[in-house]
Amino acid sequence: MRLPSYKKMMILITLSSSVVIEAQNIKTSSAGPLSPKNDEVVDFAALNPTNIHEATKWYLDQVKACNSRLLSVPDGKRNFENTMGELEKAATFLDQASSIYEVLSSASSDKAIRDAANEGTQQISTFATEQSLNESLYKAVKAYALTTDAKDLKGERKYYLAKILRDYEREGFALSADKRDTLKALNNKIQDLSLEFRNNIAGDNPTIRFTEAELAGMPDDYKKANLQPDGTYLLSVGNPSYIPFMTDAKNTDARKKFYLLKTNVGAPKNDLLIAEILKTRDKKGKLLGKAAYADYVTEGIMSKNKKNVWDFENKLRADLRPKAESEYKELLAIKSRETGKPESFIYPYESMYYANRLMDEKYKVDEEKVKEYFELQNVIQGLFTVYQRIYNLSFTEDKHPSVWNSDVQAFTVTDNASKKVIGYFYLDLYPRNDKYKHAACFPITAAQNTATGRRLATAALICNFPKPSPDKPSLMPHSEVRTLFHEFGHLMHTMVSETELGALAGTSVATDFVEAPSQIMENWVWNKKVLSLFAKHYKTGAMIPDDLLDRMIASRNATSGVLALQQVFYGTLDFTLNDGFKITDEHSIPDLVKQLQNSVTLYPYIDGSHFEASFGHLTNYGSQYYGYLWSLVYAQDMYSVFEKDPLSPETGNRFRRMVLAKGGSDDPLNLVRNFLGREPNNKAFLKHLGL
C-alpha cells in the first residue's frame with residue numbers, strides 16, 4: 001500500500017441503466033474537524049491532539065445540553081421530541097465521538113493522535129456510563145411512558161421507548177443508590193480494562209527472522225518482499241505475512257515458531273487483563289441479580305437466555321463431529337504420506353498447510369494460481385458492481401478526501417432512485433505498524449433525521465490485505481475475497497439505513513444477529529455469475545477458467561466441519577468464561593483454553609501458546625461470540641431467496657428495504673420472517689456446512 005509507484009485506480013462503476021454520478025464535493029465541518037454537520041464528513045487530515053481534546057469537551061457539552069433541555073420539561077408537558085428525542089440526540093453524540101476515536105486509535109499512524117483518541121474514548125465511556133445510570137433521566141422517561149402521547153406511539157418510536165426502558169432497568173434502576181454507584185464503577189473498570197486489552201494487541205508488533213531453508217515452499221514474490229540485506233527474511237505477525245506462510249511453508253518447525261509468536265501477541269499482559277475483566281463482569285452480573293454475566297447479556301438479545309445458547313452450541317458440536325472427523329482423517333492421510341510414517345495428530349500450526357495440500361491433491365486447487373485471478377482492485381470493482389446493482393446505488397471516488405492516512409480511499413454513496421447522496425465510506429486496505437490487525441467495518445456517523453435534515457451515514461473498512469510489490473499488484477487468496485465481501489456487507493448495512501433515529505440505525509441490532517447481513521454476502525464469492533464479473537488474470541485479463549471455478553466450488557466444504565468446530569470452540573470458550581467460570585490463579589484461563597481446544601476441536605493445544613491474549617472478541621463480544629454461527633443460520637436462510645439469481649435487483653431491493661434499511665428498529669426475527677415470507681429454519685445452514 002505504501003509503495004509510491006503503485007497507482008490507485010478510480011472506481012467509477014455504472015449500472016445497467018448507464019447512470020453516471022459525478023464526484024460529489026463532500027464538505028468538512030466548519031464547527032471543528034471532529035464535529036461534522038449533516039452533509040459533512042470528519043476532517044481527518046486536519047487533526048491534531050488539541051482538536052481531539054477540544055472535540056471531547058464539545059461532544060460532552062452537547063450531551064449535557066440535551067440532558068438539561070430534557071430535564072427542564074415538566075412531566076405534564078412531555079412528548080416524544082422533548083424527552084426521547086433529546087435522549088436519542090445525547091446517545092448519538094456519545095456514539096459518534098466514540099466511533100470516530102475508535103477509527104483513530106485503530107488506524108492513525110500518529111501516536112500522539114492515537115493517544116489523544118484513547119484518552120477521549122475513556123472520557124466518553126465514563127460519561128456514557130454515568131448517562132446510563134442517571135436516575136433523573138430514567139424518571140423522566142418513566143414519566144413520559146405514562147403519557148397518552150407515549151401510549152399512542154407506533155412503529156420505530158414505540159420500539160425505541162420500550163428498548164430504552166428495558167435498557168435502563170437492565171442497568172440497575174431496581175438497585176439502591178449506593179449499589180448503582182458500585183455498578184457505575186464496575187462499568188468504568190470494564191471499559192478501561194477492555195481499552196487497555198485492545199491497545200496491547202495493536203501495539204504488539206513482533207517480527208520473526210527465517211533463513212532461506214525455512215522459507216522452502218514459499219513463492220518468489222513472498223520471499224522478495226521480505227528479504228533482508230543479510231540474506232535472511234523478516235516477517236511480521238500480520239495476516240498478509242502469516243497466512244501465506246502457514247499455508248505453504250514446508251518447514252514444520254518454522255511454522256510452529258511462527259504460530260507461537262502469533263499466539264503470544266498481547267501476552268502476558270492481556271492474560272492478566274482478561275482475568276480481571278471477567279471477574280469484574282461476574283460482579284456486575286451478580287449485582288444485577290443474575291447467576292452469571294452470560295445470563296445478563298442473553299436476556300436482551302435474540303437468544304433470550306443462556307440455555308438456548310448452550311443447546312445451540314452443544315447440538316452443533318455433535319452434528320459437526322462426524323464430518324470433521326472424516327475431514328481430519330483425510331488430512332492425516334496426506335501428512336502420513338508426506339512424512340512416510342503413520343500420523344495421529346494434525347497440530348494447529350499444520351492445519352492450514354495440510355488443508356492446502358488437500359486442496360491441491362483432491363480438488364487440484366492451487367491457491368497461488370487462484371490468487372492470480374483476484375487482484376485487489378479488480379475485486380473491489382466487482383464488489384462495487386454487485387452492491388450497486390442489487391441495491392440500486394452508485395459509488396464515486398472522492399479524489400481529494402480528508403483522511404487519517406494518505407493511502408486511504410474515500411467514496412460517496414448515491415441512491416439512484418432519489419439521486420440523493422446517502423453515505424460516504426473509507427477503504428483503508430493495507431497493513432501498517434500500530435494499525436488494527438484484522439479486517440472490520442467501523443461505523444463513524446449514523447444516518448438519522450435531524451431538525452435540519454437527514455444526516456449522512458459514514459463508515460470505514462479497516463483491513464490488512466496483501467500489499468502490492470514493485471512488480472506485482474495485491475493478489476488476494478479467495479478467503480480474503482470472502483472477507484472483503486463480508487465486511488462490506490456491514491458497511492452497506494450502515495449506508496442504506498432508513499431509520500428515523502440514529503440509535504437504531506444500521507448495525508445497531510442484536511449482537512447475535514449483527515453478522516447475518518454481512519455473512520449472507522459471502523455467498524456471492526462462490527457464484528459463477530458473480531465471479532465472472534471480476535475474477536480475471538492480473539496479467540492477461542483472461543477470466544477465471546470454468547474448470548478451476550468448478551473445482552473451487554466443489555472444495556467449498558472440504559474442511560467445513562473442522563473449521564466450524566473451531567468456531568464452536570471460540571464460542572464455547574467465550575461463553576464458558578462468562579458463565580460463572582472461576583478464576584483461581586494465572587493458569588485458570590490458559591488451562592480452560594487447553595481443555596476446550598482438546599475436547600471441541602481436533603487440533604491439539606500447543607503448550608506455550610496464548611491465543612486468548614489477542615482474541616479481541618473476548619472484550620468486544622463478551623459471551624456473544626456464539627452469534628457468528630447463530631446469525632449464520634438466518635443469513636443462509638435469507639440467501640436461499642437470492643440463490644436463483646444473486647444479482648437480482650428486485651430481490652436485492654426487498655432485502656435492502658425489509659432488512660438492512662430497518663436497522664435495529666424491530667425485532668430481527670420479524671425482519672427475517674417478513675423477508676422470507678415464512679418462519680425461518682436451519683435447512684440452508686446445514687446445507688451450507690455440507691451436512
Side-chain angles (χ1 to χ4, degrees), residues 193-194 196-208 235-247 252 254-278 313 317 324 345-355 436-440 464 479 483 559 562-578 581 583 585-626 628-629:
L193 292 171
S194 298
E196 188 177 351
F197 186 96
R198 293 193 295 272
N199 288 340
N200 285 343
I201 297 171
D204 194 358
N205 296 292
T207 58
I208 190 165
L235 310 180
S236 76
V237 292
N239 283 345
S241 294
Y242 181 76
I243 291 176
F245 189 89
M246 301 304 287
T247 301
T252 303
R255 275 188 270 111
K256 183 177 181 180
K257 284 194 287 186
F258 208 176
Y259 173 81
L260 285 171
L261 183 72
K262 177 79 166 180
T263 55
N264 275 278
V265 167
K269 294 178 182 177
N270 278 358
D271 280 305
L272 299 175
L273 284 173
I274 195 60
E276 196 60 31
I277 290 169
L278 292 168
E313 292 280 30
R317 177 177 169 182
F345 298 103
I346 301 289
Y347 295 101
Y349 52 84
E350 299 175 321
S351 60
M352 285 190 275
Y353 177 79
Y354 286 113
Y436 178 79
K437 291 179 173 61
H438 303 289
N464 286 272
S479 60
T483 295
T559 56
V562 291
L563 291 174
L565 268 187
Q566 195 71 20
Q567 289 295 311
V568 172
F569 160 58
Y570 295 146
T572 301
L573 171 65
D574 172 51
F575 212 72
T576 302
L577 288 172
N578 290 282
F581 180 70
I583 301 172
D585 57 37
E586 70 272 20
H587 303 296
S588 297
I589 296 174
D591 285 350
L592 176 67
V593 173
K594 180 176 183 177
Q595 183 255 311
L596 288 177
Q597 184 167 329
N598 287 337
S599 62
V600 177
T601 84
L602 299 173
Y603 302 130
Y605 176 84
I606 303 301
D607 288 335
S609 62
H610 291 271
F611 107 92
E612 69 279 357
S614 61
F615 189 32
H617 290 297
L618 290 178
T619 61
N620 295 338
Y621 275 54
S623 77
Q624 298 167 84
Y625 190 88
Y626 74 88
Y628 273 98
L629 287 177

Can you check side chain to side chain contact (heavy atoms under 4.5 Å, CB included) on K437 and N239, steps first, answer last?
CA-CA 8 Å; K437 291 179 173 61; N239 283 345; over 6 Å; no
Which residues pass the ring-ring contact (aromatic ring centres under 6.0 Å, His included) test with [X], not counting sequence neighbours?
| X | value |
| --- | --- |
| Y621 | H617, Y628 |
| H587 | none |
| Y259 | none |
| Y242 | F258 |

Close side-chain approach of I208 and F245, heavy atoms under 4.5 Å
no
Using only atom types and a distance under 3.5 Å, with no angle test, would you say the side chain of [X] pairs donor to acceptor with the backbone of [Y]?
| X | Y | result |
| --- | --- | --- |
| N205 | S236 | no |
| Q597 | Y603 | yes |
| Y349 | Y353 | no |
| N598 | P604 | no |

Partners of [X] by salt bridge (Lys or Arg N to Asp or Glu O under 4.0 Å), sequence neighbours excluded?
| X | result |
| --- | --- |
| E313 | none |
| D585 | none |
| E586 | none |

With sequence neighbours left out, what residues match [X] under side-chain contact (heavy atoms from CB on, under 4.5 Å)?
| X | value |
| --- | --- |
| A355 | T559 |
| Q595 | L592, S599 |
| S194 | I190, R198, I277, T619 |

Would Y625 and L577 count as a side chain to side chain contact (heavy atoms under 4.5 Å, CB included) here? Give the steps.
CA-CA 11 Å; Y625 190 88; L577 288 172; over 6 Å; no
Going from [atom1] on [X] to [atom2] on [Y], what distance comes out if it is rounded to the nearest 0.5 angstrom?
| X | Y | atom1 | atom2 | value |
| --- | --- | --- | --- | --- |
| L260 | H610 | CG | NE2 | 9.5 Å |
| L618 | L273 | CG | CG | 12.0 Å |
| F197 | D271 | CZ | CG | 8.0 Å |
| L596 | Y605 | CG | OH | 11.5 Å |
| I589 | T576 | CD1 | OG1 | 11.5 Å |
| I346 | L602 | CD1 | CG | 10.0 Å |

Derivation of the side chain to side chain contact (heavy atoms under 4.5 Å, CB included) call for L278 and N578
CA-CA 7 Å; L278 292 168; N578 290 282; 3.5 Å; yes
Who passes side chain to side chain donor-acceptor pair (under 3.5 Å) against N200, sequence neighbours left out?
N270
With sequence neighbours left out, write down each residue that passes side chain to side chain donor-acceptor pair (under 3.5 Å) with Y626, or none if nothing qualifies.
S303, D512
Closest non-hydrogen atom pair between L565 and A324, with its separation
CD1-CB, 3.5 Å
Check D204 against N264 and note the closest heavy-atom contact, atom names and distance.
OD2-O, 4.0 Å
